[in-house]
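Here the structure is laid out as structure tokens; the discussion comes afterwards.
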Amino acid sequence: MKVKPEDIVRRYHSASAASRLILLCGPNVTRCQALVEELVQPLAQSAERVDMTISDISDRPGRLNDEANSASLFGDKRFIVLRLNSGEAVRATAAIENLLASETSGDPVFVVAPGMGDKTALAKTIIKAPDALIATCYETTPEQATAAIMTMAKHEGLRLSREMAQEIAILTSNDLVLARMEVEKIALYLDATPDNPQAPEADILLLLGAENDEEDINLLIHAALNGDATRLAQEIADARAQGISEIGLIRIMLRHLTKLAELRSKVDKGGNVDSVAGHPSVFFKEQKHFKRQLRIWSSAHIARLIERILQLEIAMKSSGQPDQVLLEEELLLIARKAASSR
């Protein structure tokens, strides 16, 4: 069944037993990921999470269904999150069709498939399935982001003006994951709750440094992707002092890599690096960094980077190691790779 992205969480949570497969697709990578995390949140409190990638199922199409019907070591409930990078959905088709054809429903399977369209043969199969849900995540418009931010704020106990919601949307580039983090930060600062609603002052974003946070994160990301190890070490030290959110950095980095992949595909089709990166759609302060990174990173390497960053988020939730340590190690590896490719 096809549903709207804004409805899929409510639809699944209201009748979770009715759906064995839930798939998020479309061009908005961070939105796909964010919705899956919302979908699994109630399950994560008491069920075992099993993460899979295309390498787990491409040569063994039956494994996805086997995992969905396997018992946990301690007999607990389980749920499966299958992450597919752009272009991998075709290779996962047999495994997903095998799952839908199974006579036993097993544990729920959540699929993150950014880049996959809803007109593909696989999407049509899922739409027709009575026990599956699919939603396509398009890029969020400023109007949609503003409305969503105002709804978030209401749930957090904030009386947010439309002007402030628009400002948050601009600061986060309409990324609802990052916007939610800003709203939660404001609510925490004001000690706001639905039972104790608060109205933020107009200068709250400046006070909490929302704009500066993203600027600092971008400097960190550029240092890594540009292969500037010396600058990266300094930015890491500054980030530690400021207490930048590791999850926030991952979201911004995924957004940046998605844009880099889009520009790289234009270069691969014959576009000139300087003209592609200098297009008005690229923020002027970012253009010099995109030019440098397009000369360092190939399309295949960018796809691998996206996969590694997604895997890093999984590791943060499951490894038991400090998030900061895992993130810094990955950024240093990226910087070394970039330096060797210059």
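All residue numbers refer to positions in the sequence shown, counting from 1.
- Judged purely by atom type and a 3.5 angstrom limit, Q287 uses its side chain to pair as donor or acceptor with the backbone of V282.
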What do the steps show when you test E286 against K259 for salt bridge (Lys or Arg N to Asp or Glu O under 4.0 Å), and what is the final call?
CA-CA 11 Å; E286 303 284 289; K259 182 66 175 180; over 6 Å; no
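- Hydrophobic clustering (side-chain heavy atoms under 4.5 Å, transitive across Ile, Leu, Val, Met, Phe, Trp, Tyr) groups V276 together with W297.
- A heavy-atom distance below 4.5 Å is not found between the side chains of L232 and E328.
- Under the 4.5 Å side-chain criterion, counting only non-hydrogen atoms from C-beta, Q166 is not in contact with P142.
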Show your working on side-chain contact (heavy atoms from CB on, under 4.5 Å) between L84 and M116 and close with a plain yes or no.
CA-CA 9 Å; L84 303 174; M116 171 183 154; over 6 Å; no
For R83 and Q33, what are the C-alpha separation, side-chain angles and deciding distance, and is it a side-chain contact (heavy atoms from CB on, under 4.5 Å)?
CA-CA 9 Å; R83 297 172 185 270; Q33 179 60 33; 2.5 Å; yes
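- Minimum heavy-atom separation, G157 to A192: O-CB, 3.4 Å.
- Residues R20 and S102 meet the side-chain proximity criterion, which asks for heavy atoms closer than 4.5 Å.
- The distance from the OG1 atom of T146 to the CG atom of N174 is 7.0 Å, given to the nearest 0.5 Å.
- Note that CG of N28 is 7.0 Å distant from CG of D175, once rounded to the nearest 0.5 Å.
- D238 is listed as a side-chain neighbour of E235, based on a closest heavy-atom distance under 4.5 Å.
- Cluster annotation: L220 and I309 are assigned to the same hydrophobic cluster (Ile/Leu/Val/Met/Phe/Trp/Tyr, side-chain heavy-atom contacts under 4.5 Å, transitive).
- Minimum interatomic distance between N226 and R292 (heavy atoms only, all atoms of both residues): O-NH2, 3.5 Å.
- Nearest heavy atoms, L257 versus I302: O-CG2, 3.7 Å.
- Between the T93 side chain and the V90 main chain, a donor and an acceptor come within less than 3.5 Å of each other.
- Both I134 and L64 sit in one connected hydrophobic cluster of ILVMFWY residues. Membership requires side-chain heavy atoms under 4.5 Å apart, directly or through other members.
- Residue pairs meeting the ring-ring contact (aromatic ring centres under 6.0 Å, His included) criterion with at least one partner in residues 2-44, sequence neighbours excluded, are Y12-F110.
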Test salt bridge (Lys or Arg N to Asp or Glu O under 4.0 Å) applied to R49 and E37, step by step
CA-CA 11 Å; R49 173 173 177 148; E37 295 305 325; 3.4 Å; yes
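- Taken together through direct or relayed side-chain contacts under 4.5 Å among Ile, Leu, Val, Met, Phe, Trp and Tyr, L21 and F79 form parts of separate hydrophobic clusters.
- Between the CG atom of L23 and the CG atom of L133 there is a distance of 10.0 Å, given to the nearest 0.5 Å.
- The line from CZ of R78 to CG of N69 is 9.5 Å long, rounded to the nearest 0.5 Å.
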Give the intermediate values and the outcome of salt bridge (Lys or Arg N to Asp or Glu O under 4.0 Å) for residues D118 and K2.
CA-CA 9 Å; D118 56 9; K2 186 176 181 179; 2.8 Å; yes
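- The shortest side-chain heavy-atom distance between N218 and K285 does not fall under the 4.5 Å cut-off.
- L312 contributes atom CG, which lies 8.5 Å from atom CG of D323 (distance to the nearest 0.5 angstrom).
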Step-by-step side-chain contact (heavy atoms from CB on, under 4.5 Å) determination, I186 to L190:
CA-CA 6 Å; I186 295 170; L190 296 177; 4.0 Å; yes
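- Residues forming a salt bridge (Lys or Arg N to Asp or Glu O under 4.0 Å) with R264 (at least two apart in sequence, or on another chain): D268.
- Annotation: side chain of Q198 is not in contact with side chain of D191 (no heavy-atom distance under 4.5 Å).
- Contact record, M164 with P200: SD-CB, 4.0 Å, taken as the closest heavy-atom pair.
- Rounding to the nearest 0.5 angstrom, the gap separating the NE2 atom in H301 from the CD atom in Q293 is 14.5 Å.
- Counting heavy atoms from C-beta on, the side chains of L24 and I8 come closer than 4.5 Å.
- Ring geometry for H222 against H289 counts as parallel: the plane angle stays under 30°, on a 0 to 90° scale with 60° as the upper cut.
- Hydrophobic cluster membership is shared by L249 and M181, with clusters built from Ile, Leu, Val, Met, Phe, Trp and Tyr side chains linked at under 4.5 angstrom.
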